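Just so we're clear, the structure is a prediction, and the values are computed from it rather than from any experiment. In what follows, chains are A, B, ... by sequence order, proteins preceding strands, each numbered from 1.
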Amino acid sequence: MTYLLEILLRRLPVGWLQLRHRKGRLIAAIAGVAFACLLVFFQLGFLGALTTAVGLPYQKTSADLIISGAGTRTLQDGANIPRQVMLDALSVPGIAAATPLFVGTLRLEGVNTTDLALTVFGANPSALAPFWDADIAAGAERLRQADTVLLDKKSRFLDPALRERVENGPPLMFEANKRQLALAGSFAIGAGFESDGYAFVSDQTFLRIFPDRSARAPNHVLVRLSAGVDAQQVLAALRAKLDVPGVLVRTVADARSGEQAYQTVERPIGVIFGFGAIMGIMVGLVIVYQVLSTEVSDHIREYATLKAIGYRNRYFTSVVLEQAVILAIGGFVPGALVASLIYSALADTTGLPLGMTLDRAMSVVVGALVAAILSGLFAARRVATADPAELY
Amino acid sequence: MHASPVITVEALQHAFGTGEARAQVLFDLDLTLRRGELVVMKGASGSGKTTLLTLLACLRRVQQGRVDVLGTSVETADEAQRVRLRRRMGFIFQAHNLHPALSAIQNVRLGLELHGGELTQPWQEAAAHALDMVGLRDRHGYLPKNLSGGQKQRVAVARALVGNPDLVFADEPTAALDAEAGGRVLDLFEALALERGTTLLVVTHDQRVIDRASRVVTLADGRIVDDRTRTPQS
C-alpha cells in the first residue's frame, strides 16, 4: 500500500503513514465512514426499490396510452371514469384497441401463513393478450371461469407450498368479500410498498367481488395504437376528443414516471428516504472532518517543522486530502459489502426489488469522495495555524 | 581575504506585543555572517538570540531594519520568496521535531522531497548516506519512538544537512548527544563549513561546540556585546 501510494503521489505518502501509525483510530474512522456509507446505501436502496416497485405493473402492460380520472397520481388511486370515454377513444384515428381496467384491493386470507393484501386488476380476458405480458395473457382462459383469480407468484410472504400449488396444482379455494374464489394460476410482478403483490381477475369477477363498483365506471382505460402511427399526434387527438373535465390522458411511460416522481418526491415515504440519504452524507462529513481535524491538531508541530524547512500549505492540503480519500475509499468498500448483504436479506424477506446496482455504488463512492474532500479542505485550513517561528 | 557575506543585518530592531505590553527584544543590531563560518551565538535566556535566529531564518517578518539573506532582502520579500530562501537552509531544533509516524530514513527524505524532482532511488540513497554520516547506519527503518534522544537528534541533523543547504540554523544541536556522537556531528559541521562553504549559526552553550567555532557572538539584552573570530580547537 505504502509503495503503491508512493508511486501514485510521487512523494512519501505521509497522510497514509500518519493514519496507519494509529491503527485503532484508523479502524474506528473507517468503521464510521463505512456506517455513513451504509446509511446512504440503505436509504438509496429503499428509494430505488420504491421507484422500481412503482414501475413494475406498468412494465407488464403493452398498452401505449392510459386514460384515467383527473387527479390520478397512482395506478391504484385512479378515480372512476365513464366507460363512454373508451368508446370515444376508439373513434380516434390511430387507435387500434382500448380496454377498461378496474383496480381494487383484495385480501388473501386463510390459505397462506400470512394474510396478503393484494392489488387486484379486473380486466376483460379477451383483452389480456393484446394488453398484458404473456404470463398474464396465458391465464385468459382460466379467468373466463367465474370467481377465478390469478396470483402474483412474487408476492411478499407467499408460502413456497402455496406458490407451487398455484402454479401447478388444482385450484385452491379461499374466501374474500364473502365470495368463494379460486386461485387457479399465476404470473409474476412483485411486491411493492402499497401492497404485498398483485392479482388478476376478469372484469366480471371483479364486479362480483366489489358489488358497489359499476361496469360503466372503470379506473382506467388502456389504449393500444395502430402500428406506425405517431404516438404524440394520436395523444393530442385523443385529448382533443376527450376534452371533458375529469379525464386525464397520458402515455403509459408518462404515467409511470409521474407516479415514480409522486411516490419519491411528494409522498412522505419518498421524502423520508431522501432525507435519510442526506443525513447519511452529513454523518460521513462530520466523521471525516473530526478525524482529519484531530490528525492535523496532533501533528501541528511536525507540520510547523516542515513549513520551516520550506514546505508550502498546498503540500499539507494534499496530505490531508490523501487521508480524506483513503478514509472515503476505505469506508466505502466495507459499507458497500455490508449493504449488498443487507439488500439481499431484505429482498428475500420483503420481496421488494432491492439490490446493489453499479449506478448506486458509483453514486455513493462519488458522494463519499466529495464529502471527504470537502471535510479535508476544511480540516486543512487548520494547518495555517502551524507557526514555524514557535519551534525555536 | 574575507569570504563573501551570506547574511547582512543592519539596524535590526524587533519587539513583541503592542501598547503597554510591548517588549522590545532586539536593539539596532548589525551583523554579517560570511560563507563557510561556523558561528556560535550565546547569551542568557531572554537576550534575544532565538528571536534573531528566527528572523535570519526567515521564520518571522522583519519589523524594522535591513536583513539580506543569500542575496535577498528579507524585509521586502513576500512569503513565496521567504519559502524559497528557507529551502536553501537546514534547521536543527532542540526538540528534533521528527514525524512520529515516519521512520528515520523517511524523516530524512522529507528534507529532500521538497526540492522536487522524480521519485528515484537517489533520494533513498542520499537519505541513507546522510544517516550513515551521523552514525545511524543500522537505524534506517526505526520509528522515532524506538530511538534514543541522541539518535533522534542525529536524525534531525541528517534531515537538516541532506539537502546540502547554504545555511544551517541549529538550536543546541549537541545537547542530547554523548561525547562520541557530539564529536561526529561537530566533525560534520566543520566539514560542511570547510569543504562546501556552508555557513552554520548555532545557538548553544556547549563548550565542545564553542571550542570548534570559527566565531562566537554574544548577545545580552537584545544587543551584541561581544563578537570575536577565533581559531577553532579541534
How far does CD of B:Q106 sit from OG1 of A:T2, to the nearest 0.5 angstrom? 7.5 Å
Looking at B:N164, I want to see if its CG is surrounded by more than 12 non-hydrogen atoms of other residues, nucleotides or ligands under 6.0 Å. yes
Quick one: does A:R312's side chain get under 4.5 Å of B:R87's, heavy atoms only? yes
Main chain of A:G310, side chain of B:R86: is a donor-acceptor contact present, judged purely on distance under 3.5 Å? no
Examine whether an atom of B:L110 lies under 4.5 Å from a heavy atom of chain A, and if so say whether it belongs to the side chain, the backbone or both; otherwise answer neither. both
Crowded around A:F35 CZ? As in, over 12 foreign heavy atoms under 6.0 Å? no
Just checking B:H129: does its NE2 atom have more than 12 heavy atoms from other residues, nucleotides or ligands closer to it than 6.0 angstrom? no
Report, by ascending residue number, the residues of residues 13-25 of chain A in heavy-atom contact with chain B at a distance under 4.5 Å; give 'none' if the set is empty. A:V14, A:L17, A:Q18, A:H21
Do B:N107 and A:E302 touch side chain to side chain, with heavy atoms closer than 4.5 Å? no
Tell me, yes or no, whether the heavy-atom count around A:F157 atom CZ, taken from other residues, nucleotides or ligands under 6.0 Å, exceeds 12. yes
Are there more than 12 heavy atoms of other residues, nucleotides or ligands under 6.0 Å from atom CE of A:M362? no
What part of B:P100 gets within 4.5 angstrom of chain A, counting heavy atoms only: side chain, backbone, both, or neither? both
Could you measure the distance from the NE2 atom of B:H96 to the OG1 atom of A:T305? Nearest 0.5 Å is fine. 10.0 Å
Residues, nucleotides or ligands: over 12 heavy atoms within 6.0 Å of B:R35 CZ: no
Determine, for A:E6 against B:R109, whether the closest basic-nitrogen to carboxylate-oxygen distance falls under 4.0 angstrom. yes
Other residues, nucleotides and ligands only: do more than 12 of their heavy atoms fall within 6.0 Å of CE on B:M133? no
Would one find more than 12 heavy atoms of other residues, nucleotides or ligands at under 6.0 Å from atom CZ of B:R137? no
Part of B:A160 within contact of chain A (heavy atom distance under 4.5 Å): neither
For the backbone of B:L98 and the side chain of A:R301, can you confirm whether one donor and one acceptor N or O come within less than 3.5 Å of each other? no
At a 4.5 Å cut-off on heavy atoms, which part of B:L143 comes close to chain A: side chain, backbone, both, or neither? side chain
Search all heavy atoms of A:I309 against all heavy atoms of B:F91 and return the closest pair with its distance. CG2-CD1, 3.7 Å
Whatever's closer than 4.5 Å to a heavy atom in chain A on B:R159 counts as side chain
Less than 4.5 Å to any heavy atom of chain A: does that hold for the side chain of B:R84, its backbone, both, or neither? side chain
